[in-house]
Amino acid sequence: MKFRSVKGTRDMLPAEAPAWHAVERTVRRVMQDFHYREIRTPIFELTGLFSRSIGELTDIVSKEMYTFKDRGDESLTLRPEGTAAVLRSFIQESLGEQLPLVKVYYIGPMFRQERPQAGRLRQFHQFGAEALGAPSPALDVEMIALPLRVYQELGLKEFAVKVNSVGCQTCRPKYKELLKTELLKVREQLSEDSQKRIEQNPMRVLDSKEERDQRATAHVPLLKDHLCDDCRRHAAAVASHLDLLGIPFEEDPRLVRGLDYYTKTAFEITSTALGSQDALAGGGRYDLLVEELGGKPTPGVGFAAGMERLLMVLEKNGTTFTDLGPVLYIVAMDEASRRWAFKTAFALRSRGIAVEVDHLERSIKAQMRDANRVQAQHVIVVGERELASGTGRLKNMASGEETEVPLDRLLEG
Ligand code: AMP
């Protein structure tokens with residue numbers, strides 16, 4: 001019986017490691033530059049945390065979560081996104097009492113039982129950040145600037161930023177009622193999914209990808225024309241801060257996104273290099289969520305970005321990442337040389353020098369080929385004669401230059 005990986009999951013194979021590492025390194029460096037510190041939360045939480053925060057009626061909670069009972073009959077869920085767990089930790093550990101503004105980032109796997117397709121996995125990886133404690137629109141823009149910095153560092157060029165305001169407790173409920181009335185008038189023309197959403201989640205109907213929904217809702221009133229003064233001012237400040245950083249963006253009054261907790265700003269970054277699943281990152285403000293999860297009222301804003309999608313764009317762009325080969329490859333000719341190579345490699349590695357030796361008792365020629373394959377920077381061939389004389393020839397593989405070196409020196413320093 002041969003086992004295969006679970007549908008919608010992938011291995012990161014060794015050949016892909018340099019690309020993943022480059023992305024992770026870039027994320028960490030950019031986060032450091034913006035002074036965000038890493039937080040790691042467990043990959044599973046109590047199910048209620050997600051249903052409470054993301055919203056019972058969202059696709060994620062209603063049909064995509066990996067939920068199971070553990071042996072103690074507790075309902076647990078593999079995290080479908082990062083924000084809920086970060087906020088749970090923020091509240092539980094009273095992080096807000098230690099700092100007035102808590103700025104954290106994460107990198108890790110997320111789990112959603114979606115229909116697998118290009119760019120849609122059931123275990124995928126995200127990097128993201130949250131800033132908790134300030135209502136400033138500048139921070140909303142920081143959440144757009146952070147992933148863009150990562151993309152720019154990695155050489156990405158074709159992306160679009162879409163921004164919207166989804167309102168707040170003051171203006172959204174009134175607008176929702178208005179929208180509901182309008183949607184009921186065109187009910188028959190809507191897709192089945194959208195018809196179901198009219199009652200509970202009418203704003204989601206507006207960002208439906210279905211053409212019939214778009215046609216039927218072309219003339220319904222939009223929230224941008226019904227925002228309260230506070231939300232309107234906030235949206236204008238977000239726009240002006242985006243201008244300040246020279247970030248081109250498009251106002252998309254239909255952008256809602258699939259999580260219920262957003263207030264005011266919602267945004268999405270898409271790539272023209274991707275197919276139908278073109279979203280690279282998304283995020284927004286969630287000023288009510290900390291309180292909703294039992295904490296003190298704390299404004300917050302964050303983003304999450306898909307790693308696999310970013311890697312897909314990098315591959316499309318032809319960006320390559322290579323491993324650095326070992327500094328030294330010791331080619332050994334016989335049993336005594338192999339023992340010497342084994343010991344010397346160990347000594348050099350303990351001084352932080354990457355060394356490769358042969359473990360397959362291959363011929364000198366095959367070992368030389370291997371040294372080339374792994375892109376060793378230097379090679380030294382050691383046999384009976386070298387051990388007797390105590391010197392060997394160290395070859396610089398890039399220049400071809402050879403230098404005589406005392407073997408003791410390799411062991412010592
Ligand atoms: P979300 O948490 O839904 O806002 O997603 C943020 C980003 O994560 C998206 O823009 C995608 O880049 C990525 N993402 C979300 N769901 C998946 C998935 N099923 N497979 C791969 N990437 C995903």
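Here the structure is a predicted model, which is why all the values come from computation and not from measurement. Just follow the structure's listing: the first ligand is 1, and inside any ligand the first atom is 1.
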Q) What part of Arg122, side chain from CB on, backbone N/CA/C/O, both or neither, has a heavy atom under 4.0 Å from ligand 1? A)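 Within the 4.0 Å criterion, Arg122 makes no contact with ligand 1.
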Atom indices of ligand 1 within 4.0 angstrom of [X] heavy atoms, with elements:
X	result
Ala304	6 (C), 7 (C)
Gly306	7 (C), 8 (O), 12 (O), 13 (C)
Arg112	1 (P), 2 (O), 3 (O), 15 (C), 16 (N)
Gly119	20 (N), 21 (C), 22 (N)
Ala281	10 (O)

Just need the protein heavy atom nearest to [atom], so name the residue and atom and give the distance.
atom	value
atom 20 (N) of ligand 1	Leu121 N, 2.9 Å
atom 14 (N) of ligand 1	Phe124 CE1, 3.6 Å
atom 8 (O) of ligand 1	Gln126 NE2, 3.0 Å

Q.
Minimum distance, heavy atoms only, to atom 9 (C) of ligand 1: which one of Ala279, Gly284, Pro80 is it?
A.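 Going through Ala279, Gly284, Pro80 one by one, Ala279 has the nearest heavy atom to atom 9 (C) of ligand 1.
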Q: For atom 19 (N) of ligand 1, state which one of Glu114, Arg120, Glu308 supplies the nearest heavy atom.
A: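 Among Glu114, Arg120, Glu308, the closest heavy atom to atom 19 (N) of ligand 1 belongs to Glu114.
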**Q.** Sole candidate of Arg257, Arg115, Arg204 that passes salt bridge (charged side-chain N to carboxylate O under 4.0 Å, His left out) when paired with Asp59
**A.**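 So, applying the salt bridge (charged side-chain N to carboxylate O under 4.0 Å, His left out) to Asp59 and each of Arg257, Arg115, Arg204, only Arg204 qualifies.
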Q. So which of Arg149, Lys103, Arg285 actually passes salt bridge (charged side-chain N to carboxylate O under 4.0 Å, His left out) with Glu142?
A.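 Of Arg149, Lys103, Arg285, salt bridge (charged side-chain N to carboxylate O under 4.0 Å, His left out) with Glu142 is met by Lys103 alone.
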Q. Looking at Glu24 and Arg28, does any basic side-chain N land under 4.0 Å from a carboxylate oxygen?
A.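 Looking at Arg28 together with Glu24, the answer is no, because their closest N to O distance does not fall below 4.0 Å.
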Q) Any salt bridge between Lys316 and Glu158, counting N to O under 4.0 Å? A)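 No, this pair does not count.
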Q. Is Leu280 in polar range of ligand 1, meaning some N or O pair under 3.5 Å apart?
A.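 Between Leu280 and ligand 1 (N or O atoms, distance only) the closest approach is under 3.5 Å.
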Q. For the side chain to side chain contact (heavy atoms under 4.5 Å, CB included) test, which of Arg79, Gln113, Arg112 pairs with Tyr66?
A.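 Result for side chain to side chain contact (heavy atoms under 4.5 Å, CB included) with Tyr66: Gln113.
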Q. His378 pairs by side chain to side chain contact (heavy atoms under 4.5 Å, CB included) with which of Val327, Ile353, Thr403?
A.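 Of all the options given, the one that passes is Val327.
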**Q.** CA sep, side-chain torsions, deciding dist, call: Ser337, Asp334, side-chain hydrogen bond (donor to acceptor under 3.5 Å, both in side chains)
**A.** CA-CA 5 Å; Ser337 315; Asp334 54 18; 2.4 Å; yes
Q.
Under 4.0 Å, counting heavy atoms only: does Arg257 come that close to any atom of ligand 1?
A.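 Yes.
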Q: Give a yes-or-no answer on whether the side chains of Arg197 and Ser208 include a donor-acceptor pair shorter than 3.5 Å.
A: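 No.
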Q | Check: Glu292/Tyr286 side-chain N/O donor and acceptor closer than 3.5 Å | A |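 There is no such pair (donor and acceptor under 3.5 Å, judged by atom type) between the side chains of Glu292 and Tyr286.
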